[in-house]
Amino acid sequence: MSVHLPPLPPVGGETTGPNVADVISREHRELLALAEELAAGGADAARGRTLTQVLVAAVSRHLSAEEQYVYPAVRAVVFDGEGLVDREITEDRAMLEALRLLEAAPEDERAERAADVLRRLRRHADAAAGELMPLLVRMASVEDLIRLGNRVETAKEAAPTRPHPGTPATPPWNKVVDPAVAIVDKVRDVVGRRTTYPKDL
């Protein structure tokens, strides 16, 4: 069964790149490593603050990209995809609220808030690895899986870097609102000299 995505621009040759399951799995490993370090509580104040900024930004971008492309694909091709996606969106909204609380937490509460985010991230990653991705891989074509992987990686670059639990979580509105909100986030990041990428740690 084909996933209904807008056509890619013609570039000639086959669609190349990692498939969406590989992209999501890699991102989950990176996010879990950041959350584990922060929840361990061993970082000095400056490192803890920077780790918090990066974790919040990275998870916010990741959830936005999943909601724009992965979840609609699951809805389209997986039996009972609607129920699975609705459950994940509910969990994502709770995760965004947990990220908001983490970023606002005083230093002495940071590890506790990070542990809550870590717990939620583990559940999120387990649901993807044990349920969503295997079902999607079984039902979608190889080319669609690669196209989804490309779309997820592209969407992250135009995604918010801060949690916005109240924004739309489903297309078409999240594809309009998230990039608009992201512009404001990125201006705030520059003005506040906020670190948002793991490579900058």
Side-chain angles (χ1 to χ4, degrees), residues 1-36 55 57-96 98-99 117-160 163 167-176 178-179 182 197-199:
M1 191 177 288
S2 181
V3 177
H4 299 292
L5 290 170
L8 290 170
V11 292
E14 294 181 18
T15 305
T16 60
N19 74 43
V20 69
D22 294 337
V23 170
I24 296 298
S25 176
R26 183 191 72 232
E27 288 183 8
H28 287 164
R29 286 192 304 272
E30 292 169 357
L31 296 172
L32 285 166
L34 288 170
E36 285 165 1
L55 178 63
V59 175
S60 296
R61 280 192 298 263
H62 172 80
L63 295 179
S64 174
E66 282 189 335
E67 289 174 358
Q68 287 183 48
Y69 289 103
V70 176
Y71 295 167
V74 171
R75 281 188 201 273
V77 301
V78 172
F79 176 74
D80 193 31
E82 293 280 340
L84 294 174
V85 169
D86 288 346
R87 179 195 72 199
E88 291 307 305
I89 287 175
T90 299
E91 294 287 345
D92 287 358
R93 300 293 100 179
M95 174 110 67
L96 290 170
L99 290 171
V117 170
L118 175 58
R119 179 182 59 78
R120 293 176 186 281
L121 266 175
R122 283 183 176 144
R123 193 224 60 85
H124 175 84
D126 288 347
E131 198 170 12
L132 269 66
M133 289 300 109
L135 290 169
L136 188 57
V137 166
R138 191 174 316 137
M139 298 303 295
S141 72
V142 171
E143 182 169 277
D144 279 341
L145 293 170
I146 292 171
R147 290 172 68 216
L148 279 168
N150 291 338
R151 295 294 169 90
V152 165
E153 293 193 315
T154 301
K156 282 191 332 182
E157 294 311 309
T167 58
T170 56
W173 293 111
N174 62 348
K175 290 184 180 183
V176 174
D178 280 7
Y197 285 95
K199 64 182 175 55

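Nothing here was measured: the structure is a model prediction, and the numbers come from that model.
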**Q.** Over all atoms of both residues, closest heavy-atom pair of A73 and L148
**A.** CB-CD1, 3.6 Å

(Q) What verdict does the salt bridge (Lys or Arg N to Asp or Glu O under 4.0 Å) test give for E88 and R123, after you've listed the backbone C-alpha separation in whole Å, the side-chain angles of each residue and the deciding distance to 0.1 Å? (A) CA-CA 10 Å; E88 291 307 305; R123 193 224 60 85; 2.7 Å; yes

**Q.** Between CZ on residue R120 and CG on residue D92, distance to nearest 0.5 Å
**A.** 11.0 Å

(Q) Main chain of E67, side chain of N174: is a donor-acceptor contact present, judged purely on distance under 3.5 Å? (A) yes

Q.
Looking at every non-hydrogen atom in both residues, tell me the closest pair between A128 and I24 and how far apart they are.
A. CB-CG2, 4.3 Å

Q. Without hydrogens or angle criteria, can the side chains of E66 and H124 be said to hold a donor-acceptor pair below 3.5 Å?
A. yes

Q: For D178 and S64, work out which heavy atoms get closest and say how close.
A: OD2-OG, 2.6 Å

(Q) If I take atom CG from residue L63 and atom CE from residue M95, how far apart are they, to the nearest 0.5 angstrom? (A) 5.0 Å

**Q.** Interatomic distance, E157 atom CD to T154 atom OG1 [nearest 0.5 angstrom]
**A.** 8.0 Å

Q) Picking from Q68, E27, H62, what satisfies side chain to side chain donor-acceptor pair (under 3.5 Å) with K156? A) E27

**Q.** Any donor-acceptor pair under 3.5 Å from S25 side chain to A21 backbone
**A.** no

(Q) Return the CG to OH distance between L132 and Y71, rounded to the nearest 0.5 Å. (A) 6.5 Å

Q: Kindly give the heavy-atom pair with the smallest separation between R75 and I89, and that separation in Å.
A: NH2-CD1, 3.6 Å

Q | Nearest atoms (heavy-atom pairs only) where A155 meets A65 | A | CB-CB, 4.0 Å

Q: Drop me the distance from Y69's OH to K175's NZ, to the nearest 0.5 angstrom.
A: 4.0 Å

**Q.** Electrostatic pair K199-E30, nearest N-O below 4.0 angstrom
**A.** no

Q: Begin from the C-alpha positions of V74 and M139 and carry the test side-chain contact (heavy atoms from CB on, under 4.5 Å) through to its verdict.
A: CA-CA 9 Å; V74 171; M139 298 303 295; over 6 Å; no

Q | D144 with R151: basic N within carboxylate O range, under 4.0 Å | A | no

Q. If you look at every heavy atom in V137 and L145, which pair is closest and at what distance?
A. CA-CD1, 3.9 Å

Q.
I need the L96 CG to R93 CZ distance, nearest 0.5 Å.
A. 5.0 Å

**Q.** Verdict with supporting geometry, R122 and R119, side-chain contact (heavy atoms from CB on, under 4.5 Å)
**A.** CA-CA 5 Å; R122 283 183 176 144; R119 179 182 59 78; 5.9 Å; no

